[in-house]
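Contents: one structure, followed by commentary.
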Amino acid sequence: MSEVKERPVPIHLSEDEVLNRLPERIGDVILNYRYYPGKDLYSDGTIEDEILAIVKDASKVEYPAIIERKKSWPVLYHLSPLRGNIVDWLPIGRKDKVLEIGSGCGAITEKLAEKAGTVTCVDLSAKRSHINAYRNHDKDNIEIHVGNFSDIEPSLPKDYDYICMIGAFEYGQSYIHTDTPYEDFFKIIKKHIKDKGRIIIAIENKLGLKYWAGCKEDHLGTWFSGLEGYPEGGSARTFTRKGLEKIFLSCGVTEYSFYYPYPDYKFPTMIFSDKRLPNQGELTDNMRNFDRDRLMLFNEKYVFDGIVEDGLFDIFSNSFLAVIGEKLDTSYVKYSNDRAVQYALRTEITDTKEGRVVRKIPLNERAWEHIKEMKRFYNLLEERYRGSGLCINPCVLKAAASSETGERGYAEFPYEKGTSLETLLDQCLEKDDMDGFYRLFDRYYELIAYGEDKEITDYDMIFGNILADGDKWTVIDYEWTIEERVPAAEIAFRALYCYVLAEEKRNKLDLGLLMGRLGISEQTAGEYRMKEKRFQKQVTGKRKSMGELRDDIGNCCVSPMMLMELHKKEILNQRIQLYYDRGEGFKEEDSHYIPDIYLDDYKIAVEIPFDGNIRALRIDPADRSCMVKMMELSLNGSPVPLHKRYVETNGKAVKTGCYVFDTQDPNITVWVSALPMTGENILSVKMEITPVPSDMALDVMGAIKKFF
């Protein structure tokens, strides 16, 4: 990291100091305190000092390793380069002026400054603005205004090309104190955008599926508060799609588009639109509890599949990205930048004058070399599979559309229609049509084996990378092609392995049978699995996945169903079952449970009233093997002799009054008819019950039998 002149953070300033303070620089970044109130009104505490120390001392290339080492949600949130995905794809160019409201620690500022001509930031916090400035000190196109937006806004120009509010619009009522704060906030913002400019709003969906499934509301940290309409208040408000549209329309806006960042706008890996909504089976990355523990009320993947099938995704998407202004040509974005730098790229589906196309765009100079290889791979694969019936989607290398965007070149492919082989195989499994599954798989194997003797192999020829449109099968992604001769059986095994690993419902597949069809032994399969692990490490550059980072941070996913079962088990363990013999033996229908009798973890005390028609009482102390120590047994205040004439068990007596049971149905019978009774009687029982493993109980009973 280049040397940056150290300056004190102006957290506490007098009014005169604020008014007279000149802008200062951290590196090339300008900080303007003209409207700073003299102290930070918002802070996350000491963690901000920790993050400030990191951005002062470390370069950006060190951030991923620091994130892995710190195992901290705030460090991940503020420093992860994946945060910038939400704006990276926007067509912001070198001549564009951008206003970012709520810039915080600069994760979005960093990406905007890479793309735009100038970036003006507004943020309440001097501490966070210093973090922003230090992390972006080498950018000469950033100015940060520190203070309340309502104070700063009148001084801002009215010719911005883009105004970005990424996780900021929900705090509108904190900035604007009127009866309609969000409408008034939007009207104020709208004054500062030029004709044909765009306002970008990223915000959580009030009805996002993750909240129904058990994630806490992001701002309050409570369950279901957004779904319930924020009954406990709070400074933030999120909205449904219709709620946002109502605000836009009330402000005179009619031209807007909705995009759907997935899993959410904080760390999006895919961004869908109304022109390209998700397919069934596509939404599988739903464990997003980086910041808090969560419940897991249901499997979100399966619910999303139903939502997608019924056309309701725009209602239940976890987040929205609203683009107010002229519509964009891009309908879908997928990021692959959570891997080694040389493989980081962005995939887009874009509408052009010639039709819809797919583009793979490098995110750095090293990745451009990776992209350029795709054209060569296309030529080699097309030559191998020519005449086979397996098509390779053509690749064309193109220069960036405009040098003003700061983009490099990209690879472009025709947008192929059809159904993925993965989806077709899933449909067979759902219908238990194994003959259909094997027909598709055999056809797949026949096609990929064509030209097997050639030294060119698409190593990633998984089922999801092949589209079927009638008899036409097309490989749409061949990024991981290698100039080696690899057996088709290995490629097919890898496809099966990835297929089953990605979806629990596919476990019913008989892998042994399929391995037999491929002629693969278990030993060879083990070697292929190890090779797959090495391949994944190569792709990721040994960086941890977001799932691994979530596990490291240590927040839990708790299943209420499991908690219910544990609670139910605890209730069952905290009661005894009592049977009555009225002269016809013990019957299930003449029994009941007596709950709430435990004095502590092991001791119980109960008084059992009964009339003179009862011949015997049977007490079942537990539903498991155990040891029972009889501490008191009395009838109407008189002790009951622990003799077989009066007390019988289906266990073994270790000593008088102490029994061991190796059964899941232990019982103790008291023959009250052999005892002096009155019309109304009370049997008082105190005993200590200790659970023991069944094999231990069996050993103890065997030892007792042998001893006696």
In terms of the angle between their ring planes, are [X] and [Y] parallel, tilted or perpendicular, with boundaries placed at 30° and 60°?
| X | Y | answer |
| --- | --- | --- |
| F169 | F185 | parallel |
| Y343 | H370 | perpendicular |
| W212 | F316 | perpendicular |
| F267 | Y77 | perpendicular |
| F258 | Y256 | perpendicular |
| F149 | Y175 | tilted |
| H130 | Y134 | tilted |

If you measure only the distance, is there a donor-acceptor pair under 3.5 Å linking the side chains of [X] and [Y]?
| X | Y | answer |
| --- | --- | --- |
| T347 | K360 | yes |
| Y335 | D88 | yes |
| N555 | R550 | no |
| Y211 | D218 | yes |
| T109 | N132 | yes |
| D40 | S125 | yes |

List the atom of [X], the atom of [Y], and the distance in Å for their closest heavy-atom pair.
| X | Y | value |
| --- | --- | --- |
| I66 | A58 | CD1-CB, 3.6 Å |
| I271 | P268 | CG1-CB, 4.3 Å |
| P362 | W368 | CB-N, 3.4 Å |
| V29 | N136 | CG2-O, 3.1 Å |
| I144 | A133 | CD1-N, 4.1 Å |
| E217 | Y230 | OE2-OH, 2.8 Å |

Approximate separation, where rounding is to 0.5 Å, of [X] [atom1] and [Y] [atom2]:
| X | Y | atom1 | atom2 | answer |
| --- | --- | --- | --- | --- |
| I553 | L76 | CD1 | CG | 5.0 Å |
| C215 | K210 | SG | NZ | 6.0 Å |
| T118 | R94 | OG1 | CZ | 12.0 Å |
| S331 | E348 | OG | CD | 9.0 Å |
| R294 | W223 | CZ | CH2 | 10.5 Å |
| T350 | R276 | OG1 | CZ | 12.5 Å |

**Message:** Between D151 and R34 (salt bridge meaning N to carboxylate O under 4.0 Å), is one present in this structure?
**Reply:**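 The answer is no: the pair does not qualify as a salt bridge.
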**Asked** With a 4.0 Å cut-off, would you call K242 and E245 a salt bridge?
**Response**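 So K242 does not pair with E245 through a salt bridge.
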Measure from the side-chain N and O atoms of [X] to the backbone N and O of [Y], and report whether any donor-acceptor pair falls under 3.5 Å.
| X | Y | answer |
| --- | --- | --- |
| D552 | K71 | no |
| H192 | P157 | yes |
| R237 | G234 | yes |
| E62 | S59 | yes |
| S317 | D314 | no |
| D57 | I54 | no |
| S103 | G106 | no |

**Message:** Could you walk me through whether R198 and Y160 satisfy the side-chain hydrogen bond (donor to acceptor under 3.5 Å, both in side chains) test, starting with their C-alpha distance in whole Å, then the side-chain angles of each, then the deciding distance to 0.1 Å, before giving a yes or no?
**Reply:** CA-CA 9 Å; R198 296 184 177 101; Y160 288 105; over 6 Å; no
**Message:** Run the salt bridge (Lys or Arg N to Asp or Glu O under 4.0 Å) test on E48 and R128 for me, step by step, so that the C-alpha distance in whole Å, both residues' side-chain angles and the decisive distance to 0.1 Å come before the verdict.
**Reply:** CA-CA 7 Å; E48 291 183 0; R128 290 189 170 199; 2.9 Å; yes
**Request:** Applying side-chain contact (heavy atoms from CB on, under 4.5 Å) between M165 and each of I101, I203, L99, report the one that passes.
**Result:**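 Single side-chain contact (heavy atoms from CB on, under 4.5 Å) partner of M165 among I101, I203, L99: I101.
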**Item:** K206 charged N/C atom sitting above F239 aromatic ring, 6.0 Å / 45°
**Value:**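 No, cation not above the ring by the 6.0 Å, 45° rule.
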Any non-hydrogen side-chain atom of [X] less than 4.5 Å from a side-chain atom of [Y]?
| X | Y | value |
| --- | --- | --- |
| V55 | L79 | yes |
| W73 | H78 | no |
| D351 | K275 | yes |
| I361 | L345 | no |

**Message:** Looking only at the aromatic ring of each residue, does the gap between the centers of H219 and Y171 stay below 6.0 angstrom?
**Reply:** yes
**Item:** salt bridge (Lys or Arg N to Asp or Glu O under 4.0 Å) between K216 and D293, worked out
**Value:** CA-CA 8 Å; K216 294 180 179 179; D293 296 338; over 6 Å; no
**Message:** What verdict does the salt bridge (Lys or Arg N to Asp or Glu O under 4.0 Å) test give for K194 and D161, after you've listed the backbone C-alpha separation in whole Å, the side-chain angles of each residue and the deciding distance to 0.1 Å?
**Reply:** CA-CA 6 Å; K194 65 164 43 172; D161 298 281; 3.2 Å; yes
**Request:** Check the pair E100 / V122 against side-chain contact (heavy atoms from CB on, under 4.5 Å), numbers first and verdict last.
**Result:** CA-CA 6 Å; E100 182 189 6; V122 178; over 6 Å; no
**Step-by-step side-chain contact (heavy atoms from CB on, under 4.5 Å) determination, F272 to Y259** = CA-CA 6 Å; F272 298 95; Y259 287 81; over 6 Å; no
**Message:** Just to verify, what does Y262 make a ring pair (Phe, Tyr, Trp, His ring centres under 6.0 Å) with, not counting sequence neighbours?
**Reply:** none
**Message:** Determine whether E68 and R543 satisfy the following criterion, salt bridge (Lys or Arg N to Asp or Glu O under 4.0 Å), listing intermediate values before the conclusion.
**Reply:** CA-CA 9 Å; E68 291 184 16; R543 288 169 57 177; 5.5 Å; no
**Item:** C164/L112 under side-chain contact (heavy atoms from CB on, under 4.5 Å): CA gap, chis, key distance, verdict
**Value:** CA-CA 9 Å; C164 294; L112 293 174; 4.1 Å; yes
**Prompt:** Tell me the salt bridge (Lys or Arg N to Asp or Glu O under 4.0 Å) pairs involving residues 180-193, sequence neighbours left out?
**Reply:**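 For residues 180-193, and leaving out neighbouring residues, the salt bridge (Lys or Arg N to Asp or Glu O under 4.0 Å) pairs sorted by first residue read E153-K191.
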